[in-house]
Amino acid sequence: METNTTEAPKKSLNFIEAMVEQDLREGRNDGRIQTRFPPEPNGYLHIGHAKAICLDFGIAEKYNGICNLRFDDTNPVKEDVEYVDSIMEDIQWLGYRWENVYYASDYFQQLWDLAEKLILQGKAYVDEQSAETIAKQKGTPTQAGTESPYRNRPAEESLALFRKMNTGEVAPGAMVLRAKIDMASSNMHMRDPIMYRIITDHPHHRTGWTWKAYPMYDYAHGQSDYFEGVTHSLCTLEFEVHRPLYDWFIDQFKDSDYRPRQTEFNRLNITYTVMSKRKMLQLVEEGLVSGWDDPRMPTLCGLRRRGYSPEAIHNFIDKIGYTKYDGIIDVGLLEHAARETLNKTATRVNAVLNPVKLVVTNYPDNQVEKLLTENNPEDESAGTREILFSKELYIEWDDFMEEAPKKFFRMTPGQEVRLKSAYIVKCTGCKKDAEGNIEEIYCEYDANTKSGMPDANRKVKGTLHWLSTQNAIPAEVRLYDRLFNVENPSADERDFRDLLNPDSLKTVSGCFVEPWLKNQPALAHFQFQRTGYFNIDPDTTPERLIFNRTVSLKDSWAKEKKANA
RNA sequence: UGACUUAUGGUGUAACGGUAGCACUACAGAUUCUGGAUCUGUCUGUCCAGGUUCGAAUCCUGGUAAGUCAACCA
């Protein structure tokens with residue numbers, strides 16, 4: 001008796017979902033689930049952030065919780081509203097809605113009050129040593145640090161100085177507030193970490209010049225979680241060593257059973273790609289790419305411009321999973337996710353990237369026919385459209401060989417091929433100039449083999465895409481390849497700029513496409529039949545139609561050619 | 001020569017003490033009006049050494065390897 005044959009196979013939980021379900025079973029935090037996505041507004045979101053976003057928002061969605069967006073804006077030197085806007089746009093593009101938007105800067109007063117309390121309890125002190133001295137005293141991972149001479153100053157003294165830190169009376173760098181924990185801890189982060197530093201030369205993007213002393217990440221982040229009622233604070237592996245400090249701060253202030261908990265997962269690495277904000281910024285600033293939204297960039301705006309849909313991103317994130325193992329994902333998986341998603345939705349069109357003229361010698365000179373072709377064989381509801389056939393056509397250079405190997409199923413003298421949605425034609429030769437360069441190719445068509453007619457079912461090995469010279473319109477096509485030549489640029493000892501792939505962008509002009517593509521909106525995506533998935537670049541103007549290649553189609557002929565080369 | 005974390009085919013990810021499975025890749029075949037798509041099949045794996053157990057990828061001990069940490073960044 002099989003009762004559940006119609007049920008989808010149960011997808012196994014990742015370790016975070018398993019943890020959440022256990023927390024739910026145990027009634028932790030009253031069964032409440034709350035997460036947050038906490039970007040610093042100092043750069044554009046990339047595919048690695050998408051992984052975190054899908055987890056933060058996904059967990060909340062799945063377990064009837066809420067997820068807030070919180071900007072961790074505690075360092076006015078680096079942050080800007082420009083980034084706030086793009087971050088919100090990208091999250092929404094991915095299809096998520098936050099419950100609330102918060103800013104760590106919303107809590108500056110609360111954080112300040114708590115810090116004063118900590119000082120009064122003798123758990124924090126103002127240190128007047130220089131940054132260098134403090135760094136030196138910190139010790140090394142294998143060597144304990146030494147205590148600051150200011151460590152045991154009276155609490156009232158620290159409090160008075162702390163207040164001065166925020167009035168402008170104290171120069172940046174002259175004083176910091178430190179938590180008094182353990183200078184001998186094996187965890188460097190517990191060696192009296194800095195809680196506040198003075199920044200006076202940059203206005204904060206939200207609070208302006210109001211504050212002179214700003215809280216550091218470790219203090220502000222955990223407490224913000226606590227203020228908001230976050231239950232699951234999910235972050236990447238490099239924050240693992242921060243967790244004891246996160247917990248320490250929570251312990252100092254916690255006044256009920258509620259407690260947020262930090263859990264770390266592996267960040268996303270992809271082959272032939274860099275995922276560091278610093279390196280991306282460098283690529284942009286040094287003009288090595290055209291901008292944050294260069295289609296070769298792993299930023300969300302770059303992927304969007306490249307032709308990736310939110311569905312393709314989700315599809316990819318679903319495949320890679322969440323663990324604590326710091327590996328590197330094959331970029332082929334990202335490409336596969338794009339093909340898989342686009343295959344179902346992209347309208348098939350004819351586009352000839354590298355055209356050569358094909359003359360159907362036995363076709364009437366001035367005749368033109370309208371033929372029907374399907375928009376998407378994967379989706380019958382996509383319907384059909386008309387295309388124009390005439391005596392003179394364009395086909396790809398790659399589809400002709402005067403002397404071809406046996407496995408070449410395309411245009412070569414004496415061989416029959418099908419012109420997609422049109423006729424079966426037989427190649428009869430070509431015309432050459434004085435130097436022997438081929439100028440045009442000749443063939444004869446069989447009038448009884450028009451698509452839909454009985455003779456059209458004749459077996460031919462190859463089917464070619466084509467365009468009529470009567471109505472094809474010119475276009476520019478940008479072909480993208482991986483940005484880097486080495487699998488793992490971050491692990492390479494050479495300067496990452498020396499590892500760039502010089503052929504990551506090939507601009508091809510003189511292409512031809514179907515005329516109706518002129519009127520499509522930016523980012524609209526298509527499959528260029530037998531070639532790949534392409535979308536309309538926002539640089540497109542009425543005079544200049546530009547396409548980006550999102551990803552090529554799998555090409556077993558290219559593989560065959562390579563194998564025999 | 002410290003602390004924390006991790007280790008399953010080429011890559012990523014399952015198996016929660018009981019048949020090592022899935023996806024991508026690669027390779028073969030079927031099919032096809034896209035050399036696309038689809039379908040079928042094949043190759044390849046539990047880091048090492050001990051221990052506990054009827055039984056270990058899973059638990060324990062010890063190695064080995066990798067990642068992270070010494071910003072007044074987040």
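Within every chain, numbering begins at 1; the chains are lettered A, B, ... in the order of the sequence lines, protein sequences first and strands thereafter. Everything numeric here is computed off the predicted structure, so don't read it as measured data.
- Of the residues Tyr226(A), Phe71(A), Phe227(A), the one that meets the ring-ring contact (aromatic ring centres under 6.0 Å, His included) test with Tyr107(A) is Phe227(A).
- A distance of 6.0 Å or more separates the ring centres of Tyr246(A) and Phe239(A).
- Using a 5.5 Å limit on the distance between ring centres and a 30° limit on the angle between planes, the aromatic ring of Trp557(A) counts as stacked on the six-membered base ring of G35(B).
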- Task: Using the side-chain hydrogen bond (donor to acceptor under 3.5 Å, both in side chains) rule, take Lys277(A) and Asn42(A) through it: C-alpha gap first, then chi angles, then the decisive distance, then the call.
- Result: CA-CA 9 Å; Lys277(A) 271 190 201 174; Asn42(A) 71 341; 2.6 Å; yes
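- Between Glu132(A) atom CD and A70(B) atom C1' there is a gap of 15 Å when expressed in whole angstrom units.
- Taking the six-membered ring wherever Trp is involved, the centroid distance between the rings of Tyr150(A) and Tyr125(A) does not fall below 6.0 Å.
- Comparing Ser130(A) and Ser421(A) by the nucleotide of RNA chain B whose heavy atom lies nearest to each, the residue mapping closer to the 5' end is Ser421(A).
- Partners of Phe409(A) by ring pair (Phe, Tyr, Trp, His ring centres under 6.0 Å), not counting sequence neighbours: none found.
- Checked against the 6.0 Å centroid threshold, Phe547(A) and Phe528(A) count as a close aromatic pair.
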Detail all sub-3.5 Å separations between protein N/O atoms and N/O atoms belonging to nucleotides 30-32 of chain B.
none

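- For Ser12(A), the side-chain atoms get nearest to A14(B) when compared with the rest of U13(B), A14(B), U34(B).
- The separation of A49(B) from A56(B), taken at their P atoms, amounts to 15 Å, rounded to a whole angstrom.
- A heavy-atom distance below 4.5 Å is found between the side chains of Arg530(A) and Leu464(A).
- Ring centroids of Tyr445(A) and Tyr423(A) are separated by less than 6.0 Å, placing the two rings close together.
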Provide a list of protein-nucleic acid N or O atom pairs under 3.5 angstrom, restricted to nucleotides 16-26 of chain B.
from, atom 1, to, atom 2, distance (Å)
A26(B), OP1, Lys559(A), NZ, 3.3

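- Among the nucleotides G36(B), A70(B), U68(B), the one closest to any side-chain atom of Val241(A) is U68(B).
- Going from atom NZ of Lys324(A) over to atom P of A14(B) covers 13 Å, rounded to whole Å.
- Between the His221(A) side chain and the Asp72(A) main chain, no donor and acceptor come within less than 3.5 Å of each other.
- Of the candidates A70(B), U34(B), A14(B), A14(B) carries the atom nearest the Thr323(A) side chain, counting heavy atoms from C-beta on.
- Under the ring pair (Phe, Tyr, Trp, His ring centres under 6.0 Å) criterion, Tyr219(A) pairs with Tyr196(A), Phe249(A), not counting sequence neighbours.
- In this structure, Arg70(A) places its CZ atom 12 Å from C1' of A74(B), rounding to the nearest Å.
- With both ends at atom P, the span from A57(B) to G50(B) equals 14 Å, rounded to whole Å.
- With sequence neighbours left out, the side chain to side chain donor-acceptor pair (under 3.5 Å) criterion links Thr133(A) to Ser130(A).
- Rounded to a whole angstrom, the distance from the C1' atom of U68(B) to that of G62(B) is 23 Å.
- Between the CD atom of Glu17(A) and the P atom of A15(B) there is a distance of 11 Å, rounded to whole Å.
- Residues meeting the side chain to side chain donor-acceptor pair (under 3.5 Å) test with Lys407(A), sequence neighbours left out: Glu560(A).
- Side-chain proximity of Asn266(A) to C73(B), U13(B), U34(B): nearest is U13(B).
- Taking 4.0 angstrom as the limit, Ser556(A) places a side-chain polar atom (N or O) nearer than this to OP1 or OP2 of G36(B).
- A 6.0 Å sphere centred on NZ of Lys461(A) holds no more than 12 heavy atoms belonging to other residues, nucleotides or ligands.
- The backbone N or O of Trp397(A) sits nowhere less than 3.5 Å from a side-chain atom of Asn354(A) that would complete a donor-acceptor pair.
- With sequence neighbours excluded, the residues forming a side chain to side chain contact (heavy atoms under 4.5 Å, CB included) with Thr271(A) are Ile328(A), Asp330(A), Val331(A), Glu487(A), listed by chain and number.
- Minimum atom distance to the side chain of Thr140(A) is reached by A70(B), of the listed C73(B), A37(B), A70(B).
- A distance cut-off of 5.5 Å between ring centres, combined with a plane angle under 30°, places Phe409(A) in a stacking arrangement with the base of G35(B).
- For Glu240(A), the side-chain atoms get nearest to G67(B) when compared with the rest of U8(B), C72(B), G67(B).
- Among the nucleotides A74(B), C72(B), A70(B), the one closest to any side-chain atom of Ile194(A) is C72(B).
- Contact check, Thr142(A) against U1(B): no side-chain N or O comes under 4.0 Å of OP1 or OP2.
- Put simply, the side chain of Glu264(A) and the base of U5(B) share no donor and acceptor less than 3.5 Å apart.
- Within residues 182-189 of chain A, the residues that place at least one heavy atom under 4.0 Å from RNA chain B are, in residue-number order, Ser186(A), Met188(A), His189(A).
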- Query: Tell me, what's RNA chain B's dot-bracket, Watson-Crick or G-U with both distances under 3.5 Å, | for other-strand, [ ] crossing?
  - Reply: .((((((..((((....[..)))).(((((.......)))))....(((((..]....))))))))))).....
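- Glu380(A) is linked by a side chain to side chain donor-acceptor pair (under 3.5 Å) to nothing, counting only residues two or more places apart in sequence or in another chain.
- For Pro141(A), the side chain to side chain contact (heavy atoms under 4.5 Å, CB included) partners two or more places apart in sequence, or in a different chain, are Met188(A).
- A straight line from CG of Asp192(A) to P of C69(B) spans 21 Å, rounded to a whole angstrom.
- One finds no side-chain N or O of Arg243(A) lying less than 4.0 angstrom from the OP1 or OP2 phosphate oxygen of C69(B).
- Protein atom CH2 of Trp466(A) is 14 Å distant from nucleotide atom C1' of U34(B), rounded to whole Å.
- Classification of the Phe389(A)-Trp466(A) ring pair by plane angle, with boundaries at 30° and 60°, yields perpendicular.
- A donor N or O paired with an acceptor N or O is found under 3.5 Å between the base of G36(B) and the side-chain atoms of Glu378(A).
- Rounded to whole Å, the separation between the C1' atoms of G36(B) and C22(B) comes to 24 Å.
- For A70(B), neither phosphate oxygen OP1 nor OP2 lies less than 4.0 angstrom from any side-chain nitrogen or oxygen of Arg191(A).
- Looking at residues 36-46 of chain A, you'll see Glu40(A) sit with a heavy atom under 4.0 Å from some atom of RNA chain B.
- Each of Gly327(A) and Gly173(A) was assigned the nucleotide of RNA chain B with the nearest heavy atom; the assignment lying further toward the 5' end belongs to Gly327(A).
- There is a side-chain donor-acceptor pair under 3.5 Å between Arg385(A) and Asn375(A).
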